[in-house]
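Input: a single structure, listed below in structure tokens.
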Protein chains: 2
Amino acid sequence: MKHSQARRSLCPINFTLELVGDPWSLLVVRDIVYFGKRTFGEFHSSAEGIARNILAERLDRLVGAGVLTRRPLESDRRKQEYRLTEAGLDLIPLLLAAADWGAAHADETDAPPWWIAYVRASPTDAADLVREVVRSGGSIFSGEQTVVERLTRSGAIRIDDGLRLS
Amino acid sequence: MKHSQARRSLCPINFTLELVGDPWSLLVVRDIVYFGKRTFGEFHSSAEGIARNILAERLDRLVGAGVLTRRPLESDRRKQEYRLTEAGLDLIPLLLAAADWGAAHADETDAPPWWIAYVRASPTDAADLVREVVRSGGSIFSGEQTVVERLTRSGAIRIDDGLRLS
DNA sequence: TCACATTGGTTGCATTTCAAAACCGATATT
DNA sequence: AATATCGGTTTTGAAATGCAACCAATGTGA
């Protein structure tokens, strides 16, 4: 794993913070993992409203660090497709922990309660499942292949009025 | 949980990032959890070299958000003692996930390999144990009551040439 | 085919944040 | 009483951020 700047210390937490310790980088990873986003425009359209120059700089940095890959999209060569590397997929437990803390302590969030409950009950299983789905091109909530669909099929969640854990 | 600034979105990950999504805040929490630090001077002396004004601002913010408590130290009234609230203790899984990622992807770290292996093998147990020790005034590595000592006593780790998992 | 729209950036500029050092009041030590 | 320590604040210059305008390459529709 490359690091462009000099390390402040040899602490592994510090290492992680030097790469993704800012208010934006992990939102890009979230967009991929939760919503299957892959292009500059999709990241830019997220609710938090990241500035275009900041987004471009963060994408460069994450590609340079080996967290993302970038390649031209053959269906539309104006677009680049960003995907997670294995190191990027390794950020999934961190993302789930951040989501858990936020859902626990924010007055209000838009996270589905059943999803938070599932992650809280089985964090390791959840991380493994999310990793497998995202690696094979899916995401947690959006697109063709979703974690939600997998859990529904497996009977781990049930549909009546809304989704809930079985 | 209070938030001083306007929320950028209702995403729980975004909520977490708005509070601790900077290169310094989690280092303070790390100093408490891993090394039992509790005062301004102790935080300031950490290897990363945080500036005094930044540290003061982050401590204010974390206290205001309900992650830390601050009270004058009766043994030396020049000092304030900072401790984690329950919400602060809830950050432990996030911290362990950040440490795991850093240790996995940095070329070199100062994290004891046996500790990383333990956290990786039993993340939930590790988080629970760390939480209990830190809540009762201890830390992972330093001071009177440590997680290392607890694991050694329980036989989970063994001492021969260095520590290792049993 | 050719004007026009979209896309992923880059540039310029004003504002905010950060970093480093000096400084300060309160408390502790000798 | 003199001095040192502690937690913070202030000051000042450097860096990062946020915003809008701009641009080249590619795609789209008449």
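Letters go in sequence order (proteins before strands), and every chain restarts at 1. Basis for what follows: all heavy atoms, side chains included, without hydrogens, waters or symmetry-related copies.
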- Item | NZ or CZ of A/Arg8 within 45° of B/Trp24 ring axis and under 6.0 Å |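 A/Arg8 over B/Trp24 ring: yes.
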Looking only at the side chain of [X] (C-beta and beyond, no hydrogens), which of the listed nucleotides [options] gets closest?
X	options	answer
B/Asp76	D/dT9, C/dA28, C/dT10	C/dA28
B/Ala51	C/dG8, C/dA20, D/dG18	C/dA20
B/Arg78	C/dA19, C/dA28, C/dG8	C/dA28
B/Phe40	C/dG9, D/dT26, D/dG7	D/dG7
A/Arg58	C/dT27, D/dT17, C/dA5	D/dT17

Can you check whether [X] has a side-chain N or O nearer than 4.0 Å to OP1 or OP2 of [N]?
X	N	result
B/Gln80	D/dG8	yes
A/Thr39	C/dT7	no
B/Trp24	C/dA19	yes

- Query: So, for B/Arg83 and B/Val134, which heavy atoms are closest and what is the spacing to 0.1 Å?
  - Reply: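 Smallest interatomic distance, heavy atoms only, reads NH2-O, 4.3 Å.
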Rounded to whole angstroms, how far apart are [atom1] on [X] and [atom2] on [N]?
X	N	atom1	atom2	answer
A/His44	D/dC19	NE2	P	10 Å
A/Leu73	C/dT7	CG	C1'	11 Å
A/Glu81	C/dG8	CD	P	12 Å
B/Ile54	C/dA21	CD1	P	14 Å
A/Lys79	C/dG9	NZ	P	12 Å
B/Glu57	C/dT16	CD	P	15 Å
A/Tyr82	C/dG8	OH	C1'	7 Å
A/Arg70	C/dG8	CZ	P	12 Å

- Report which part of the nucleic acid A/Phe43 touches: base, sugar-phosphate, or nothing (heavy-atom distance under 4.0 Å, all strands).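 Nothing, no heavy atom under 4.0 Å.
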- Message: Can you tell me whether the side chain of B/Arg52 and the base of D/dG7 have a donor-acceptor pair closer than 3.5 Å?
- Response: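 Yes, the side chain and the base share a sub-3.5 Å donor-acceptor pair.
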- B/Ser25 side chain vs B/Gly21 backbone, donor-acceptor pair below 3.5 Å: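 No, because the side chain of B/Ser25 does not come within donor-acceptor range (under 3.5 Å) of the backbone of B/Gly21.
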- Message: Whether the side chain of A/Thr85 engages the backbone of A/Ala87 through a donor-acceptor N/O pair (distance < 3.5 Å, no angle test) should be reported.
- Response: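 Indeed, once roles are kept as given, a pair shorter than 3.5 Å links the two residues.
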- Say whether A/Ser139 and A/Lys37, considering side chains only, have a donor N or O and an acceptor N or O under 3.5 Å apart.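 The answer is no; no qualifying pair exists.
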- Message: Pick the closest DNA chain D nucleotide for A/Arg77 and for A/Gly49 by heavy atoms, then say which residue is nearer the 5' end.
- Response: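 Its nearest nucleotide lies further toward 5', so the answer is A/Gly49.
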- Position toward the 5' end of DNA chain D (nearest nucleotide), B/Asn53 or A/Ile50: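 By nearest-heavy-atom nucleotide position, the 5'-most residue is B/Asn53.
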